[in-house]
Amino acid sequence: MRAATYEKLADADGRVTDRLIELYEAIARGGAGLIITGYALVHPSGRATPRMLSIHAESFIEGLRELTDSVHREGGVIAVQLVHGGRYCPPLLLGGKPPIAPSEMYDRFTRMNSRAMTEAEIWTVIDAFADAAWRARAAGFDALELHAAHGYLISSFLSPYTNLRDDYWGGDEERRSHFAEEVLKAVRNAVGSDYPVLIKINADDLVEGGLKPDESLRYIRRLEPLGLDAVEISGGVREARVKTIRPDIHRPEEEAYFRDAGKLFKDNLSLPVILTGGMRSRDVMEGVLESKEADLVGISRPLIREPDLPNLMREGKEKADCISCNKCTRFNKIDYVRCMQIKE
Ligand SMILES: Cc1cc2nc3c(=O)[nH]c(=O)nc-3n(C[C@H](O)[C@H](O)[C@H](O)COP(=O)(O)O)c2cc1C
């Protein structure tokens with residue numbers, strides 16, 4: 001699976017561009033089993049990065065339809081990832097306003113306190129996820145994935161590290177799960193019972209006081225009966241010392257860095273489990289599948305360098321060329337996301 005990867009290739013409003021379509025065609029031709037888009041914005045208050053994809057109004061459907069048609073023509077299957085950026089949205093992208101989040105909290109990246117959402121704002125964003133889900137289906141996506149990982153809005157409601165509320169939306173584990181539950185219920189209602197809905201969740205926030213694997217697993221158990229079709233495991237929030245997108249993965253032991261969580265989730269769930277994070281060699285990927293640590297593996301950075309990696313591996317290639325230098329993640333410095341090891 002091509003794990004969700006923001007490309008900085010939508011236009012300034014978040015509309016699909018020709019270059020974005022060309023990229024997805026290349027990924028589809030390259031043999032990925034399922035393609036997840038870069039995160040797509042469900043509400044203007046959740047804009048996390050410039051030129052991210054948008055799905056927050058009807059006017060985006062036409063461009064998204066072109067994207068899904070192109071992928072389908074190439075034989076691909078594509079899901080859109082829905083996001084609200086929450087406390088990570090830079091005020092510059094919010095007309096100078098502070099980002100909204102479950103609780104007021106300083107963030108050293110935005111250099112600002114987030115503002116705690118009101119009850120009305122919470123329901124507005126839940127509705128925005130549902131409307132975006134309906135648009136996803138209307139635009140021809142084969143599935144959607146809720147981005148509930150990495151410290152963005154849904155993730156920050158689930159996490160005891162960022163959710164300091166004491167009301168229906170926070171205060172203990174059960175109440176911290178309500179936002180994700182209400183989003184999933186509303187989304188399920190919008191797309192119907194026969195449409196695949198995936199979720200990407202942190203098994204571990206990798207910060208003190210953050211979400212841990214057991215709690216994360218319990219959240220998935222609560223969400224599953226509301227209509228979940230698969231769970232993708234990731235981890236880390238921005239301030240974590242050990243990163244979501246880990247650099248310098250060279251040895252097999254450094255690959256598949258959330259595989260323990262994969263095992264925990266696989267052993268305790270009947271849902272399909274997707275494991276993402278540091279998969280580089282065919283041996284490790286096959287090992288993860290064979291030892292039942294996941295049903296699917298997700299890769300992001302290797303496909304930035306080699307969009308046709310799945311086919312190359314089918315033909316015998318053993319290891320991705322990606323060296324995990326992470327230069328592709330310097331979003332402020334690069335004009336769009338590409339492998340900086342390859343000279344243009
Ligand atoms: C350039 C870039 C953009 C990313 N954008 C997203 C995103 O939009 N949504 C998301 O859930 N994860 C995003 N990620 C994280 C990846 O999906 C993945 O979890 C992480 O990179 C680890 O997998 P890898 O070792 O295969 O790169 C991004 C990663 C990179 C490198």
Side-chain angles (χ1 to χ4, degrees), residues 1-10 14 20 23 27 32 34-42 46-55 79-86 88-89 144-155 198-204 206 231-238 240 242-250 254-259 261-262 274-281 284-285 288 294 296-307 309-310 313 319-341:
M1 186 186 91
R2 188 265 196 163
T5 306
Y6 154 70
E7 300 95 354
K8 207 179 179 182
L9 276 178
L20 200 61
L23 173 69
I27 298 171
L34 168 64
I35 301 170
I36 314 269
T37 65
Y39 54 16
L41 182 66
V42 302
R47 193 181 295 278
T49 38
R51 303 183 64 190
M52 68 187 284
L53 207 55
S54 272
I55 189 164
V80 64
Q81 189 187 56
L82 303 183
V83 78
H84 185 293
Y88 290 153
C89 299
L144 67 86
E145 180 179 72
L146 297 173
H147 194 346
H150 306 163
Y152 295 101
L153 189 67
I154 301 180
S155 162
L198 291 62
I199 196 165
K200 184 170 185 177
I201 195 170
N202 273 3
D204 198 320
L206 300 168
V231 56
E232 180 184 358
I233 297 175
S234 189
V237 293
R238 268 198 206 166
V242 187
K243 300 290 176 203
T244 304
I245 307 174
R246 282 188 206 169
D248 305 320
I249 304 162
H250 303 300
E254 292 162 338
E255 296 191 33
Y257 42 77
F258 294 120
R259 67 192 307 169
I274 306 164
L275 187 67
T276 298
M279 239 73 67
R280 297 295 179 269
S281 53
V284 171
M285 295 183 208
V288 160
L296 246 89
V297 291
I299 50 178
S300 166
R301 285 166 289 175
L303 291 181
I304 296 174
R305 179 152 183 169
E306 301 168 276
L309 183 62
M313 285 193 159
K319 194 163 187 256
D321 289 345
C322 173
I323 57 166
S324 315
C325 67
N326 277 8
K327 288 188 180 154
C328 58
T329 65
R330 296 181 189 165
F331 302 139
N332 291 334
K333 298 206 175 104
I334 57 181
D335 47 351
Y336 68 99
V337 171
R338 61 194 165 92
C339 179
M340 305 305 280
Q341 302 295 334

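In what follows, every heavy atom counts, from backbone to side chain, and hydrogens, waters and symmetry copies are set aside. Just follow the structure's listing: the first ligand is 1, and inside any ligand the first atom is 1.
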Peer 1: Where on Arg246 is there a heavy atom closer than 4.0 Å to ligand 1, on the side chain, on the backbone, on both, or on neither?
Peer 2: neither
Peer 1: Test your reading of the model: is there a side-chain donor-acceptor pair from Glu232 to the backbone of Gly298, 3.5 Å cut-off?
Peer 2: no
Peer 1: Where is the nearest protein heavy atom to atom 2 (C) of ligand 1: which residue, which atom, and how far?
Peer 2: Thr5 CG2, 3.7 Å
Peer 1: Judging by distance only, is a nitrogen or oxygen of Ala4 under 3.5 angstrom from one on ligand 1?
Peer 2: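 Indeed, backbone or side chain, Ala4 has an N or O that close.
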Peer 1: Could you give me the CA-CA distance, side-chain angles and deciding distance for Thr276 and Phe258, then say whether side chain to side chain contact (heavy atoms under 4.5 Å, CB included) is met?
Peer 2: CA-CA 7 Å; Thr276 298; Phe258 294 120; over 6 Å; no
Peer 1: Is it the side chain, the backbone, both or neither of Phe258 that has a heavy atom closer than 4.0 Å to ligand 1?
Peer 2: neither
Peer 1: Is Arg280 touching ligand 1 with its side chain, its backbone, both, or neither, if touching means heavy atoms under 4.0 Å apart?
Peer 2: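 It is the side chain that touches ligand 1; the backbone stays farther off.
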Peer 1: Non-hydrogen atoms of Gly277 versus ligand 1: any pair closer than 4.0 Å?
Peer 2: yes
Peer 1: Number the atoms of ligand 1 from 1 as they appear, then name those within less than 4.0 Å of a heavy atom of Gly278, with their elements.
Peer 2: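 Reading through ligand 1 atom by atom, the close ones are 23 (O), 24 (P), 25 (O).
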Peer 1: Report, in ascending order of atom number, the atoms of ligand 1 lying under 4.0 Å from any heavy atom of Val337.
Peer 2: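 Near Val337, meaning under 4.0 Å from one of its heavy atoms, ligand 1 has 1 (C).
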Peer 1: Relative to ligand 1, is His150 under 4.0 angstrom through side chain, backbone, both or neither, heavy atoms considered?
Peer 2: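 His150 to ligand 1: side-chain contact only, backbone stays beyond 4.0 Å.
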Peer 1: Side chain or backbone, does Arg301 bring an N or O within less than 3.5 Å of an N or O on ligand 1?
Peer 2: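 N/O-N/O distance under 3.5 Å: yes.
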Peer 1: What about Gln81: any of its N or O atoms under 3.5 Å from an N or O on ligand 1?
Peer 2: yes
Peer 1: Answer side chain, backbone, both or neither: which part of Pro302 comes under 4.0 Å from ligand 1, heavy atoms only.
Peer 2: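 For Pro302, the contact with ligand 1 is made by the side chain alone.
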Peer 1: Has Gln81 got a side-chain atom pairing as donor or acceptor with Ile36's backbone, closer than 3.5 angstrom?
Peer 2: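 No; zero donor-acceptor contacts below 3.5 Å.
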Peer 1: Please find the pair of heavy atoms, one from Met279 and one from Pro302, that lie closest to each other, and give the distance.
Peer 2: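 Scanning both residues, the minimum pair turns out to be O-CG, 3.8 Å.
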Peer 1: Give the atoms of ligand 1, by number and element, whose distance to some non-hydrogen atom of Ile299 is under 4.0 Å.
Peer 2: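 The atoms of ligand 1 under 4.0 Å from a heavy atom of Ile299 are 26 (O).
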Peer 1: With the side chain counted from C-beta on, respond yes when Thr5 and Leu303 share a heavy-atom pair under 4.5 Å apart, and no when they do not.
Peer 2: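 Thr5 vs Leu303: side chains apart.
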Peer 1: State the atoms of ligand 1, each with its element, that fall below the 4.0 Å cut-off from a heavy-atom position in Cys328.
Peer 2: 1 (C)
Peer 1: Does Ala149 offer a backbone N or O that forms a donor-acceptor pair with the side chain of Asn202 under 3.5 Å?
Peer 2: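 No.
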Peer 1: Name the closest protein heavy atom to atom 12 (N) of ligand 1, giving the residue it belongs to and the distance to 0.1 Å.
Peer 2: Lys200 NZ, 3.2 Å
Peer 1: Just to verify, which of Arg280, Glu254, His250 counts as forming a side-chain contact (heavy atoms from CB on, under 4.5 Å) with Ser324?
Peer 2: Arg280
Peer 1: Any idea which protein heavy atom is nearest atom 8 (O) of ligand 1, and the distance to it?
Peer 2: Tyr39 N, 3.0 Å
Peer 1: Among all protein heavy atoms in this structure, tell me which lies nearest to atom 18 (C) of ligand 1, with the distance rounded to 0.1 Å.
Peer 2: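 The closest one turns out to be Thr276 CG2, 3.7 Å.
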Peer 1: Among all protein non-hydrogen atoms, which one is nearest to atom 26 (O) of ligand 1, and what is the separation to 0.1 Å?
Peer 2: Ser300 N, 2.9 Å
Peer 1: Looking only at distances, please establish whether an N/O atom of ligand 1 is found under 3.5 Å from an N/O atom of Ile245.
Peer 2: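 N/O-N/O distance below 3.5 Å does not exist for this pair.
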Peer 1: Numbering the atoms of ligand 1 from 1, which are under 4.0 Å from a heavy atom of Ala3?
Peer 2: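 This gives 17 (O) as the contact atoms.
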Peer 1: Taking Arg238's backbone N and O only, do any of them form a donor-acceptor pair with Lys243's side chain (distance below 3.5 Å, no angle check)?
Peer 2: yes
Peer 1: Among all protein non-hydrogen atoms, which one is nearest to atom 3 (C) of ligand 1, and what is the separation to 0.1 Å?
Peer 2: Tyr6 N, 3.4 Å
Peer 1: What's the shortest distance from atom 22 (C) of ligand 1 to any protein heavy atom, and which residue and atom give it?
Peer 2: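 Answer, as residue, atom name and distance: Tyr257 OH, 3.4 Å.
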Peer 1: Do you know the tightest heavy-atom contact between Pro310 and Pro307?
Peer 2: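 Nearest pair, atom of Pro310 first, then Pro307: CD-O, 3.9 Å.
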Peer 1: Taking heavy atoms and a distance under 4.0 Å, where does Thr329 meet ligand 1: side chain, backbone, both or neither?
Peer 2: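 Thr329 to ligand 1: side-chain contact only, backbone stays beyond 4.0 Å.
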Peer 1: For Tyr257 and Thr244, indicate whether the former's side chain and the latter's backbone hold a donor-acceptor pair under 3.5 Å.
Peer 2: yes
Peer 1: Would you find a donor on one side and an acceptor on the other, under 3.5 Å apart, between the side chain of Lys200 and the backbone of Glu145?
Peer 2: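 No, the answer is negative, given that no donor and acceptor are paired below the 3.5 Å cut-off.
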Peer 1: Tell me the closest heavy-atom pair linking His147 and Tyr39, and the distance in Å.
Peer 2: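 The answer is CD2-CD2, 4.0 Å.
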Peer 1: Please determine whether side chain to side chain contact (heavy atoms under 4.5 Å, CB included) holds for the pair Ser54 and Arg47, giving the CA-CA distance in whole Å, both sets of side-chain angles, and the decisive distance to 0.1 Å.
Peer 2: CA-CA 9 Å; Ser54 272; Arg47 193 181 295 278; 4.1 Å; yes
Peer 1: Identify, with sequence neighbours excluded, every residue that meets salt bridge (Lys or Arg N to Asp or Glu O under 4.0 Å) alongside Arg338.
Peer 2: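 Arg338 satisfies salt bridge (Lys or Arg N to Asp or Glu O under 4.0 Å) with Asp335, Glu344 only.
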